[in-house]
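Each residue takes its place number in the sequence, starting with 1. All heavy atoms count here, side chains included; hydrogens, waters and symmetry mates do not. Just so we're clear, the structure is a prediction, and the values are computed from it rather than from any experiment.
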Amino acid sequence: MLKIGVFVCWCGSNIAGTVDVKAVVEAVKAEPGVVFSTDYQYMCSEGGQSAIRQAIKEYELGGVVICACSPRMHETTFRKAAEAAGLNPYMVEIANIREHCSWIHKDKEEATEKAVVLCRAAIAKLNLNKPLFPGESGVVKRALVIGGGIAGIQTALDIADAGYEVDIVEKSPTIGGRMAQLDKTFPTLDCAACILTPKMVEAAAHEKIRLFTYSEVEEVSGYVGSFRVKIRQKARSVNRELCNGCGECIVKCPSKTASNAFDEGLSKRSAIYIPFAQAVPNLPVIDREACLRFQTGKCGLCEIACSAKAIDYEQEDETITEEYGAIVLATGYRPMSLDRYDEFQYSQSPDVLTSLEFERILNASGPTGGSLLRLSNGEKPKSIVFIQCVGSRSDDGCGKSYCSKICCMYTAKQAMLVKDKYPDIDVTVFYIDVRTPGKNFDEFYRRAAEAYGVRYVKGMVGKVAEWKGRLQVQAVDLLEDKQLLIDADMVVLAAAIEPDPGARKIGAMLAVNMDQNDFFTEAHPKLRPVESPTAGVFLSGMCQGPKDIPETVAQAGAAAVKVLGLLSKDKLVGNPCVAISDETLCNGCSSCEALCPYDAITFEEKQVMVQGRRETRRVAMVNETMCQGCGACTVACPSGAMDLKGFTNRQIMAEVDAICR
């Protein structure tokens, strides 16, 4: 029988405060196979690990049970300690008596009894464990970044600067993302374009970076170290090699009624266009839905005007397939649609704007050339009202339950920009709470209120109505406990931010989890904040949650470091806890294949020995490199042919029996 050692951790008072550690040690000594049992204050410490290594050698232990915290915290720590003593690391079992006992029970006797039961279950499973040995796979020395905003650009630059090739796939005709739309950034009021444009140019010029703009990821297969990705590069109808960027085609285009997405629909653009002046690549694209040539077949002025002969109406989408060792998701965000907030007159009045629309009006490259004018009549406003948390921190079923994090700061920024340029304009901000947690953020907000004279009112706005060519804002001042009725010329809504809608499709391709708000879920919120649960896939920027530009850049660098740690290896050691198929039981029904989120299961016709005779059967085959050990196939298999190494049906049932006796 296997010789087992049991080690019970105090975890300071985290465990010992509720669980009688000594009683647990004594209770498990009589369990089958247990030859040694002890406790220690901090088992994860060097002293605790040393005690484990010493006991393995002294008692010739064939297995170890650690009664401590969640295996997500220290399973790797204890496996390495066991391996250092010559024990197979997969002969270590963790009984989670912190999260499952001490943290959820107040009665010490009850918590102790449960801790004994969990330890007993771990011992029963360990008695059926077998040594496991991980396989190896190669690493493709190239990374893919999906998304070309500031997060994607910074991640790509950091990877490329370390000497590895990296591709950026961006669905828009240019890289730059949302930051390119901004006028200034908080809390320094730096010009956004002045910060971003050098990064864009550097990415385009970098010898290790390839840009796939106006492109989308169509299909992803493979596994960590060897992803196979199909990229569809949409037809621009402009030959990249011939175009010299003169812009004559844009000037001559007669169709100038398309909505300009870069200006948030506040202006019109031609059918052939460059999104903005600093676009990278600075290459036009034809919007085929707005182009007269594609819709009626009767135009062609851009082709006539092009001296470089770069216009190509016959150009078709191109599909490119590449292999990558790692993938970074940097799919960004968008402002939430405010269609369900009609009480603010957003869909009725042109003078009610979202914060991003207002940002475009303030920008010198925006629809008004940087002049602050009412869109309804072209006049300068006399008063502006900002409304915070529109759709954020909402429990009305229309918005988002989370705080969008950046709204308080960009509202303060926009209010300061208005007062700086137009001191005579009255600016009022309605807020629920002002949240300024970053470095120099609170000072920035106070400067807006104290130095610039921006009026902050703690209260909710109930309604905005048009009255005699102006807007009436009905609100409540909670501090003064009174109703307010304010006349305004413009109302600016701080709309909640949400993940880009295309992120869900990408997440499904990569089997990356999303939370209830469609943000990508990290592998661990504290210890692995830039890694996804899918090996080899990393997170950068707002796709993971709301954050400002400095946070985004910091996370981009962190994601790049994780990618570099992966690409620097020649071989990857896999997880041996993978699915295994019993070919004699498999009936070839494909239930497991249809359910596998990692495409790790295929079927083959194979000669199988059944009851002493050889038969040709369609049986399941598991690619152990792709399998992530989720166990979904074992549940789905109707014949019981699929099992999971390290978590076999026998082992699970042994745990259940130990708990129930």
Can you confirm whether K562 is buried at NZ, in the sense that more than 12 heavy atoms of other residues, nucleotides or ligands lie under 6.0 Å from that atom?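 It does not: K562 NZ has 12 such atoms or fewer within range.
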May I ask you to check whether over 12 heavy atoms, not counting those of E60, lie within 6.0 Å of atom CD?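 It does not: E60 CD has 12 such atoms or fewer within range.
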I'd like to know if [X] pairs up with [Y] as an ion pair, taking the criterion as any Lys NZ or Arg NE/NH1/NH2 lying under 4.0 Å from an Asp or Glu carboxylate oxygen.
X    : Y    : value
E136 : K571 : no
K645 : E624 : yes
E605 : R618 : no
D570 : K141 : yes
E216 : K171 : no
E46  : R53  : yes

How many angstroms lie between atom [atom1] of [X] and atom [atom2] of [Y], to the nearest 0.5 angstrom?
X    : Y    : atom1 : atom2 : value
S392 : K405 : OG    : NZ    : 13.0 Å
R617 : L585 : CZ    : CG    : 8.0 Å
N96  : M73  : CG    : CE    : 10.5 Å
L87  : L61  : CG    : CG    : 7.5 Å
E83  : M91  : CD    : CE    : 13.5 Å
H524 : S70  : NE2   : OG    : 7.0 Å

Any side-chain heavy atom of [X] sitting closer than 4.5 Å to one from [Y]?
X    : Y    : result
M621 : K606 : yes
Q651 : L644 : no
F78  : C44  : yes
S226 : S137 : no
F603 : C592 : yes

So which of S591, C627, C633, S581 actually passes side chain to side chain contact (heavy atoms under 4.5 Å, CB included) with I601? C633
Sub-3.5 Å donor-acceptor pair from the side chain of [X] to the main-chain atoms of [Y], do we have one?
X    : Y    : result
S540 : A330 : no
R232 : E219 : no
D39  : V25  : no
D500 : C543 : no

What's the shortest heavy-atom distance between L510 and T534, and which atoms? O-OG1, 3.3 Å
According to side chain to side chain donor-acceptor pair (under 3.5 Å), who are the partners of E26, at least two apart in sequence or on a separate chain?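 Per chain and number, E26 pairs via side chain to side chain donor-acceptor pair (under 3.5 Å) with K29.
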Working for side-chain contact (heavy atoms from CB on, under 4.5 Å), residues C67 and L118: CA-CA 8 Å; C67 299; L118 291 178; over 6 Å; no
Which residues share a ring pair (Phe, Tyr, Trp, His ring centres under 6.0 Å) with Y42, sequence neighbours left out: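 In terms of ring pair (Phe, Tyr, Trp, His ring centres under 6.0 Å), with neighbours along the sequence ignored, Y42 is linked to no residue.
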The criterion is ring pair (Phe, Tyr, Trp, His ring centres under 6.0 Å); which residues satisfy it with F519, sequence neighbours excluded? Y402
Are a donor atom and an acceptor atom from the side chains of N623 and Y223 found within less than 3.5 Å of each other?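 Y223 and N623 do not have a side-chain donor-acceptor pair below 3.5 Å.
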Using a 6.0 Å distance limit plus a 45 degree cone around the ring axis, check whether K3 lies over the aromatic ring of F36. no
